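Comments concern the structure below.
Just so it is clear, the model here is predicted, and its values are computed rather than measured. Residue numbers start at 1 and run along the sequence shown.
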Amino acid sequence: MRIYLDYAAATPLHPSVKEAMLGYWDVDFYNPSSTYLDAQNVRKSINDARKTVAHWLGAKHGEIIFTAGATESINLAIRGVMEKFPSSNVVISAVEHEAALKSSAKYKRKVAPVDASGKLDLAKLSELIDDKTALVSIIYANNEIGTIQSISQVARVIEKVRSNRRQKGVKQPIYLHTDAVQAANYLDLHVSKLGVDLMTLSAAKIYGPKQVGCLYVKGETELEPLIYGGSQEKSLRGGTENVAGIIGFAKALNLVQTDRHEEAKRVSELRNQLMKTLLVSIDGAQVAGTMKKRLPNNLNVYFPGVDGERLVMKLDERGVMVATGAACEASNDEPSHVLKALRQSNEKAHSSLRISLGRDTNAGEIKKAGKTIVDVAGSLRQN
Ligand code: PLP
């Protein structure tokens, strides 16, 4: 029996999501932009999916722009705003996903630090925002350490900036974007409560298909498209829609948001049990990031004197699938930028394991995985 504990990297397609998608490749294969009735029925299915997504965000359905995954959505938010306002600057946090780090790198950019627990420094963030800042992009819940940022507090900072600008007659708009990819399984996504103008979601991390997601774009927010083509998705994302993907995405979001409280409770109990086993049994083991505002399924543990890469390989041999950090950075020898942002030493960052639980994780698996990790970490330490 292999034990999967890397749900932050990928989630299995839920059977009900798969069921909902079937038929949109062969029976209802029509181009939703065609005019005959059969195609218009497909258009209606997309619109229903858009309404479902909008419902969980408390948004208008016209504010949901479907994209090919979260990386594209983040690029559309960041590059879309920065291309629209070329003489402006962007502020991001030091713990953003690679998609935000890299898509913002070529613009005038400032990076807001986090403290040693992973929490964004709001005072520093406000200092970094100036009259030319067009966008602030802050990850809602981190993919490596699970830290949840208070997006509504960031929104209050932005609101103050707006009011100052109004008084001074500064015309430059300022928008707030959040990457809610990992948050979507467990947290409230209502955009008005969060106070965001732009929000990214991915189906791939919520038991939906890969390469589909969305960008929420509030009302009058001004963006340049990334991809030019047909007038689909309000001309912000041309190209024939990924119909089955969109249907699956909406179904998946409905699924995870419907029972998010129960699932958060269940998974956090299992996570805490595993954490206890690891901290009690492995001398000097420490958790990175706060336990207070953290995704219920995330654990990031430092094992002194153990090489993280070797630990992952040995655990794989023993049937436990975990990661050292983000899957998209796995081929990179550099220590995680997230752990470094928490002022962790290179040694610590190279000796850490990211464990992420999910809907199929059960008590038996956690017990077995705990024993195996303790065993393998202990033997690697002696070598
Ligand atoms: N943002 C976060 C927080 C993620 O965890 C991921 C994927 O790992 C992404 C963005 C990118 O998502 P996708 O692979 O769907 O483009």
Side-chain angles (χ1 to χ4, degrees), residues 57 59 63-114 120 124-126 128-144 149 151 154-155 157-158 161-162 172-184 189 191 194-202 204-205 211-228 233-239 326 328-329 337-338 341:
L57 272 57
E63 295 175 318
I64 306 299
I65 305 297
F66 290 117
T67 62
T71 299
E72 183 185 301
S73 166
I74 292 169
N75 271 262
L76 177 57
I78 294 179
R79 292 167 58 199
V81 171
M82 297 311 288
E83 295 296 327
K84 189 82 192 175
F85 303 99
S87 56
S88 64
N89 63 60
V90 52
V91 182
I92 65 166
S93 87
V95 293
E96 295 305 298
H97 183 270
E98 289 267 278
L101 281 183
K102 291 190 179 158
S103 63
S104 61
K106 71 167 175 166
Y107 303 106
K108 275 192 213 112
R109 178 182 80 174
K110 303 181 217 181
V111 180
V114 296
L120 181 69
K124 191 75 195 158
L125 175 77
S126 353
L128 292 177
I129 298 171
D130 62 26
D131 281 349
K132 291 202 155 174
T133 306
L135 182 67
V136 173
S137 186
I138 307 292
I139 193 165
Y140 191 178
N142 186 266
N143 48 308
E144 291 188 41
Q149 303 296 347
I151 300 298
V154 177
V157 169
I158 306 278
V161 173
R162 284 192 184 123
Q172 170 70 60
I174 180 166
Y175 303 126
L176 175 58
H177 168 249
T178 192
D179 169 355
V181 166
Q182 297 287 343
L189 298 176
V191 288
L194 293 167
V196 295
D197 306 287
L198 297 154
M199 182 160 84
T200 290
L201 293 173
S202 167
K205 310 293 158 117
Q211 282 286 308
V212 58
C214 76
L215 181 66
Y216 156 74
V217 182
K218 184 178 176 179
E220 302 302 305
T221 308
E222 293 179 81
L223 286 180
E224 270 305 308
L226 277 189
I227 295 168
Y228 292 90
E233 302 305 303
K234 294 173 116 180
S235 295
L236 280 174
R237 207 291 176 186
C328 46
E329 289 186 87
H337 71 275
V338 173

Nearest 0.5 Å, what's the [atom1]-[atom2] distance between [X] and [Y]?
X: L125; Y: I138; atom1: CG; atom2: CD1; answer: 5.0 Å
X: N75; Y: S104; atom1: CG; atom2: OG; answer: 9.5 Å
X: S93; Y: N142; atom1: OG; atom2: CG; answer: 8.0 Å
X: Q211; Y: T71; atom1: CD; atom2: OG1; answer: 8.0 Å
X: E83; Y: L76; atom1: CD; atom2: CG; answer: 11.5 Å
X: L135; Y: D197; atom1: CG; atom2: CG; answer: 8.5 Å

| Residues in side chain to side chain contact (heavy atoms under 4.5 Å, CB included) contact with A204, at least two apart in sequence or another chain |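 Residues passing side chain to side chain contact (heavy atoms under 4.5 Å, CB included) with A204: S202, K210.
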Any donor-acceptor pair under 3.5 Å from [X] side chain to [Y] backbone:
X: T178; Y: Y140; result: yes
X: T67; Y: G69; result: yes
X: R237; Y: F66; result: no
X: S73; Y: C214; result: yes

Taking all non-hydrogen atoms of both residues into account, name the closest pair between [X] and [Y] and its distance.
X: M199; Y: L189; result: CE-O, 3.4 Å
X: I174; Y: R162; result: O-NH2, 2.6 Å
X: E96; Y: H337; result: O-NE2, 2.8 Å
X: S88; Y: Q172; result: CB-OE1, 3.8 Å
X: L201; Y: A180; result: CD2-O, 3.7 Å
X: I92; Y: A100; result: CD1-O, 4.5 Å

| request: May I have the step-by-step check of side-chain contact (heavy atoms from CB on, under 4.5 Å) for I151 and L176, ending in yes or no? | output: CA-CA 9 Å; I151 300 298; L176 175 58; 4.2 Å; yes
| query | Only one of H177, H97, E72 clears side chain to side chain donor-acceptor pair (under 3.5 Å) with T200; which? | reply | H177
| How far apart are the C-alpha atoms of D130 and K110, what are their side-chain angles, what is the distance that settles it, and do they pass the side-chain contact (heavy atoms from CB on, under 4.5 Å) test? | CA-CA 10 Å; D130 62 26; K110 303 181 217 181; 2.9 Å; yes
Using a 4.5 Å cut-off on heavy atoms from C-beta on, say whether the side chain of [Y] contacts that of [X].
X: Q182; Y: K205; answer: yes
X: N143; Y: V181; answer: no
X: L198; Y: V81; answer: yes

| Does the pair K102/E98 count as a salt bridge with the N-to-O cut at 4.0 Å? |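 A salt bridge links K102 with E98.
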| message | Can you confirm whether more than 12 heavy atoms, excluding those of K84, are under 6.0 Å from its NZ atom? | response | yes
| field | Residue pair I129, I158: steps toward the side-chain contact (heavy atoms from CB on, under 4.5 Å) verdict | value | CA-CA 9 Å; I129 298 171; I158 306 278; 4.3 Å; yes
List, one per line, each side-chain donor-acceptor pair under 3.5 Å for residues 216-225, sequence neighbours excluded.
from	atom 1	to	atom 2	distance (Å)
T221	OG1	K218	O	2.6
E224	OE1	Y228	OH	2.8

| Worked check of side-chain contact (heavy atoms from CB on, under 4.5 Å) between Y107 and R79 | CA-CA 9 Å; Y107 303 106; R79 292 167 58 199; 3.5 Å; yes
